[in-house]
Amino acid sequence: MMSENARIAACRLSIVLGVLVIAESAVRLGWISSFFLAAPTQAAVVLWEQIVRGNALWLTGVTLLEIAACLIISTVVGVFAGFLLWRYQLIGTSYEMLLAAVFSSPVILAYPIFLVAFGRGSAAVIALSSIFGVIPIIINTKGAFQNINPILLQVGASMNLTRKQMFRHILIPAVAPTIFSGFRLALTYILKSVLGLEYVAQVGGVGMWLSDAAYRFEVEEVYAGLLGTIVLSVLFLYLINRGEALVRK
């Protein structure tokens with residue numbers, strides 16, 4: 001008998017393969033013009049050619065570094081700030097609504113200011129995209145510590161745990177699911193921001209590759225770049241899930 005996780009994975013894979021087969025058939029049979037949709041197999045071939053002969057690896061490396069830098073900055077600042085907002089309730093109550101307002105505002109429209117301040121390069125992309133990552137991590141971290149079950153603290157106290165042991169064995173496992181949910185949410189917004197800024201501002205990376213391919217009406221390259229971004233998303237989500245599993249042990 002298959003386990004529950006295996007059945008879920010098989011269901012997901014079958015859905016993805018089904019969509020790819022339908023898209024491939026629709027293009028090959030002429031139901032959808034190849035000007036609007038590239039056959040998945042053709043997009044995969046173009047992606048492989050760009051990796052082997054083109055500069056896809058270099059552009060992907062630039063985007064990976066930008067996303068990784070944003071995640072690191074957002075994690076360090078977000079967890080620390082969220083912990084402080086929980087520890088000092090007056091400050092937390094004062095600034096929680098402000099953070100929510102900034103998060104819901106179109107901060108992306110400020111990209112010209114960041115380009116002037118940081119230059120037309122990766123620094124501007126990282127600086128602006130980190131804002132989109134840090135706010136959900138702050139909010140989730142504060143909420144995670146705020147909603148800790150008091151019974152867990154009482155159990156730790158009854159076992160005469162030190163403050164360090166209490167933090168490591170009680171607090172961290174208790175808050176990990178909510179904080180890592182913030183990481184996943186932050187990753188979603190960081191990916192959108194990084195790729196969007198690369199696309200609009202023509203800053204080196206996968207976004208610039210997509211912009212250049214769209215300008216030249218190279219549909220296969222556009223879908224090849226989209227395939228690459230999906231692979232990047234899956235990679236980072238896998239790393240975040242592995243990190244959560246390690247922390248909760």
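In this chain, numbering begins with 1 at the start of the sequence shown. Nothing here was measured: the structure is a model prediction, and the numbers come from that model.
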Item to check | Test log, rule side-chain contact (heavy atoms from CB on, under 4.5 Å), inputs Thr178 and Asn147 | outcome: CA-CA 10 Å; Thr178 304; Asn147 296 321; over 6 Å; no
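- The distance from atom CG of Leu85 to atom OG1 of Thr141, rounded to the nearest 0.5 Å, is 9.5 Å.
- When the side chains of ILVMFWY residues are joined at heavy-atom separations under 4.5 Å, either directly or via intervening members, Leu65 and Trp58 end up in two distinct hydrophobic clusters.
- Interatomic distance, Leu128 CG to Ile113 CD1, rounded to the nearest 0.5 Å: 10.0 Å.
- Side-chain contact between Thr188 and Lys192: present, with at least one pair of heavy atoms (C-beta onward) separated by less than 4.5 Å.
- Transitive grouping of hydrophobic side chains (ILVMFWY, heavy atoms separated by less than 4.5 Å) keeps Ile72 and Val134 in distinct clusters.
- For the pair Thr63 and Leu195, the minimum side-chain heavy-atom distance is below 4.5 Å.
- To the nearest 0.5 Å, the span separating CZ on Phe114 from CD1 on Ile131 amounts to 3.5 Å.
- No side-chain donor from either of Glu66 and Ser129 sits under 3.5 Å from a side-chain acceptor of the other.
- Side-chain contact check for Ile179 versus Asn140: every heavy-atom pair is 4.5 Å or farther apart.
- No single ILVMFWY cluster, assembled from side-chain heavy atoms under 4.5 Å apart, contains both Phe80 and Val76.
- Atom OG of Ser193 is separated from atom CD1 of Ile190 by 8.0 Å, given to the nearest 0.5 angstrom.
- Between Phe183 and Phe180, the distance separating the two ring centers is shorter than 6.0 angstrom.
- Side-chain contact check for Cys70 versus Val194: some heavy-atom pair is nearer than 4.5 Å.
- Taking CD1 of Ile137 as the reference point, atom CG of Leu71 lies at 7.0 Å (rounded to 0.5 Å).
- For the atom pair OG (Ser74) and CZ (Phe132), the distance works out to 11.0 Å, reported to the nearest 0.5 Å.
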